[in-house]
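In what follows, a single structure is set out as C-alpha cells and then discussed.
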Amino acid sequence: MSTLKAEKTPEQWQDDALSSILSVTLDGSNTKRQGRRCLQSVASELHEEGMPVLITKATMERVLVARLDADEVAESGISVFDYLLGSWRAVRLVIENLSGARGKALDASVRETRIGVLRDLQTLLVSYMGLSLQVPDMFARVGRPGQRTIVDAVLAESVENDANKAVISELLAELVKRFADDGLPEILALIIGELGLRSLARSNRSLLQPGFRKLLEALETLTAYREIAQAFVHMPSFDPEECSGRRMQTGTALGIFMGFSAFPSADESIVQTYFADAPERSPQDCEALHAGLRNTVQFLQSTLFRICDRLVRAGADERAKLTSYTLRVLATNARRSGMQADVTKIVDDGFADNLASVWLRLSEPFTNDAQLRRIARVDGDWIITRAMNSASGLNDSQDQIATFWRELTRINADQKLVDAYLERRLNEASLPGAEAPAAGFIADCFFATAAALHLGPIATIAQYTDKLSELARFKREVARIQAAPELLPPAQRATLPMAIQRWNAQLADMKREKIALDAQVLDPRRLSNIL
C-alpha cells in the first residue's frame, strides 16, 4: 500500500492516509485523487495561514467538518452516520494492517506514530457520530429521512457475518467509552426511541415475521454494555410518571418490547393465517403448529429475560428502577384480574405473560433451591416496609403501588383489622431512630413475581376457561336447534340453513382461537415454570 511507504515524510504519509480514509483531497490538480471531494475552502484557509496544504493530525478535524458540511455530500445521498461509519471502518482497517504483517517492515517508532495519528482520527470520528445523534440537525443538509442510521448498523449485526458483528461491537464500545460521562443517556434515548418506533410497525409486531427478532436482538446487543444498561433505566421514557395502565405497554421504552405477543388478541394473523385450517387438522399436526409457536415465544421471553437480567445486574439503583417499573405496571393494571375489564385500558395478555416470565426467571436463584435456604429473606411485612413506605426508594409519587398492595384482599383478616395493623406498623417505622429495613431484591422479586403471575398467566387462564365454557354453550345450542328445527317458528325455519351456515363459521372461528390459545396457555414448559 502506498500509505505504508517509509520513505515519505510523516506529513506526506498523513496526507495520503487521511485523504484516502476521509475520501477528500486539498489538491484539486492531482488526477490520481479523482472521485475524492476537493475541499478548496480548507486549502485556501491553510494557504492564507501559512500552513502546509496537507491533511494532517493538526488539520484533520477542520477537514472532517468541511467534508460533512459540503453540499456534494448531501447530493450524493449519503447520511452523516454512513459517511462517519465508512471512514471509521477504513481507519480501523489501516490500523489493523499497520499492526499486522504489513507494518513489520516499518521502524517501530514510525509504526507507533502512525497508529497514534489514526487512533486520534478514530476517536474524532466516534465523537462526531455521538454528536450527530445528540444534535441531529448539526449537519442537517447531510442526513435525509429514510437514510441509514446507527440503528440500522446495530440491527444488521444480528444477520451479517461475524466480522461485521465484531466491528459494530467495537464501535458501540468506543461510543460508550467516549460518551459515558458526556450525554450517553441522551444518545441512547434516540437509539432506543428509533428502535421502539420501528417495533410499532405492523410488519414488526407479528411473531410470525422475522422483524421482531432483529429488534429484540438489537436491544440485547445494546444492553450487553453495562453503561448502556445503566443509561437505559435512567431514560425519561423508561418509567414516566404520566404513564399508567395500557400506557405502561405502549408509552414506555421497555414496554414496547414487552408487548410482543403471540396471543390472538394482539395478532390476528395468528388465527387467520397460522391456525387457519387448524380445526380440520389432526391432533399431531396441531401439536406441530403449537411447537413452532412455542419455540418462538420461548425465544422472545428468553431474550426479554436476558435484557432485564442485565438491567438488574447493572447496579442497585438500576435494579430498584426496574422493580419500581414492574410494581407500577402491576398496580395500574389491577383490573386485569377482574371480570369484563376494558381491554383498551390495561396491558394485554402477551405483555402480562412476558412480564411474569421474566420475573419467574429472575426468581430462579432462590425458588430452584430445594432447601429454600433464602426464604427467610422474604420479609412478611414487605407490603408495609417496602410497598407502602414512601422512604423505600420506589418510584411511587402518586401512591399507585401503595394503594394496590393496601387494597389486596386478606384471607385471614377483615379490612378493619388490616387497617389497624398497617397503621401500627407504619407508625413504628416512622418513630425517631427507627431504621428503615434494607431493601432486599429477593423479597422484591418474590412479591413482584407473585403479583405478576396473578395478573398475567392466572388471569389469562381464567379468561381461557371462560372461552371454553362459551364455546361449549354455543356448540350445544347449535346442536339443539339442528336436532329439532320443527320447534322454531315458521319464519325462522325458512332462514335456518343460512343461520346454521353462519353459526358453523362462527364455531370454526372460535375453535381456531381456542387452538391458538392452547399454544401458550397449555404450554407444558410455561405451566411447569408457573407451578
Side-chain angles (χ1 to χ4, degrees), residues 205-208 212 245-246 248-250 254-271 274-275 278 286 289-302 304-305 308 326-363 404 408-409 447-473 509-531:
R205 294 309 296 174
S206 175
L207 267 60
L208 302 180
F212 88 95
R246 181 74 167 197
M248 297 298 285
Q249 174 177 335
T250 60
L254 183 60
I256 292 173
F257 298 93
M258 279 282 184
F260 285 119
S261 172
F263 281 92
S265 56
D267 183 5
E268 294 179 353
S269 66
I270 297 289
V271 173
Y274 194 73
F275 290 104
C286 286
L289 289 174
H290 286 158
L293 195 58
R294 286 167 182 168
N295 287 337
T296 301
V297 172
Q298 186 172 358
F299 163 81
L300 164 66
Q301 295 184 342
S302 295
L304 288 171
F305 163 71
C308 291
T326 300
L327 292 176
R328 283 218 317 121
V329 169
L330 298 171
T332 61
N333 286 277
R335 286 172 294 180
R336 268 191 57 82
S337 62
M339 296 180 65
Q340 297 181 338
D342 185 347
V343 295
T344 64
K345 295 182 179 179
I346 55 176
V347 296
D348 63 22
D349 294 336
F351 180 100
D353 199 71
N354 293 337
L355 187 69
S357 172
V358 165
W359 282 90
L360 276 171
R361 291 283 301 276
L362 291 173
S363 300
F404 170 72
L408 286 179
T409 301
F447 284 97
T449 305
L453 286 173
H454 180 64
L455 298 179
I458 294 174
T460 302
I461 289 171
Q463 296 164 14
Y464 173 77
T465 56
D466 288 343
K467 287 184 180 294
L468 290 183
S469 299
E470 182 184 351
L471 174 60
R473 282 195 302 270
D509 288 341
M510 295 172 73
K511 288 177 182 177
R512 290 189 195 95
E513 184 179 5
K514 183 263 181 190
I515 294 171
L517 285 170
D518 289 348
Q520 283 191 256
V521 177
L522 303 184
D523 181 0
R525 177 191 62 85
R526 175 179 181 272
L527 293 173
S528 176
N529 289 343
I530 292 171
L531 291 173

Check your understanding: Does Asn354 use its side chain to pair, donor to acceptor, with the backbone of Met258 at less than 3.5 Å?
Key -> yes

Check your understanding: Among pairs that include at least one residue of residues 520-531, which meet side-chain hydrogen bond (donor to acceptor under 3.5 Å, both in side chains), considering only residues two or more places apart or in two chains?
Key -> Asp353-Arg526

Review point. Got Met248 and Leu330 here, is their nearest side-chain heavy-atom distance under 4.5 Å?
Key: no

Check your understanding: Roughly how far, to the nearest 0.5 Å, is CG of Leu453 from CG of Leu531?
Key -> 10.0 Å

**Study point:** side chain to side chain contact (heavy atoms under 4.5 Å, CB included) assessment of Arg336 paired with Thr460
**Key:** CA-CA 9 Å; Arg336 268 191 57 82; Thr460 302; 3.3 Å; yes

Exercise for review: Quick one: list whatever passes side chain to side chain contact (heavy atoms under 4.5 Å, CB included) with Thr296, sequence neighbours left out.
Suggested key: Leu207, Phe212, Arg213

Point to revise | Residues in salt bridge (charged side-chain N to carboxylate O under 4.0 Å, His left out) contact with Asp518, at least two apart in sequence or another chain | key: Lys514

Point to revise | Partners passing side chain to side chain contact (heavy atoms under 4.5 Å, CB included) against Ser261 (at least two apart in sequence or in another chain) | key: Phe263, Ala266

Point to revise | Set of residues satisfying side-chain hydrogen bond (donor to acceptor under 3.5 Å, both in side chains) with respect to Thr449, sequence neighbours excluded | key: Ser363

**Study point:** salt bridge (charged side-chain N to carboxylate O under 4.0 Å, His left out) contacts touching residues 326-335 (sequence neighbours left out)
**Key:** Asp239-Arg328

Point to revise | Partners meeting side chain to side chain contact (heavy atoms under 4.5 Å, CB included) with Asn295 (sequence neighbours left out) | key: Gln298

Review point. Got a sec, which pairs hit salt bridge (charged side-chain N to carboxylate O under 4.0 Å, His left out) with one end in residues 448-469, sequence neighbours left out?
Key: Lys467-Glu513

Practice item. Sequence neighbours left out, what passes salt bridge (charged side-chain N to carboxylate O under 4.0 Å, His left out) with Arg205? Give chain and number order. Key: none

Check your understanding: Can you tell if the side chain of Asp342 reaches within under 4.5 Å of the side chain of Ile346, non-hydrogen atoms only?
Key -> no

Review point. Between Arg361 and Gln301, is a side chain to side chain contact (heavy atoms under 4.5 Å, CB included) present by the stated rule, with each step listed?
Key: CA-CA 10 Å; Arg361 291 283 301 276; Gln301 295 184 342; over 6 Å; no

Point to revise | Residues which pass side chain to side chain contact (heavy atoms under 4.5 Å, CB included) with Ala519, listed by chain and number, not counting sequence neighbours | key: Phe275, His290, Leu293

Check your understanding: Residues in salt bridge (charged side-chain N to carboxylate O under 4.0 Å, His left out) with Arg512, at least two apart?
Key -> Asp509

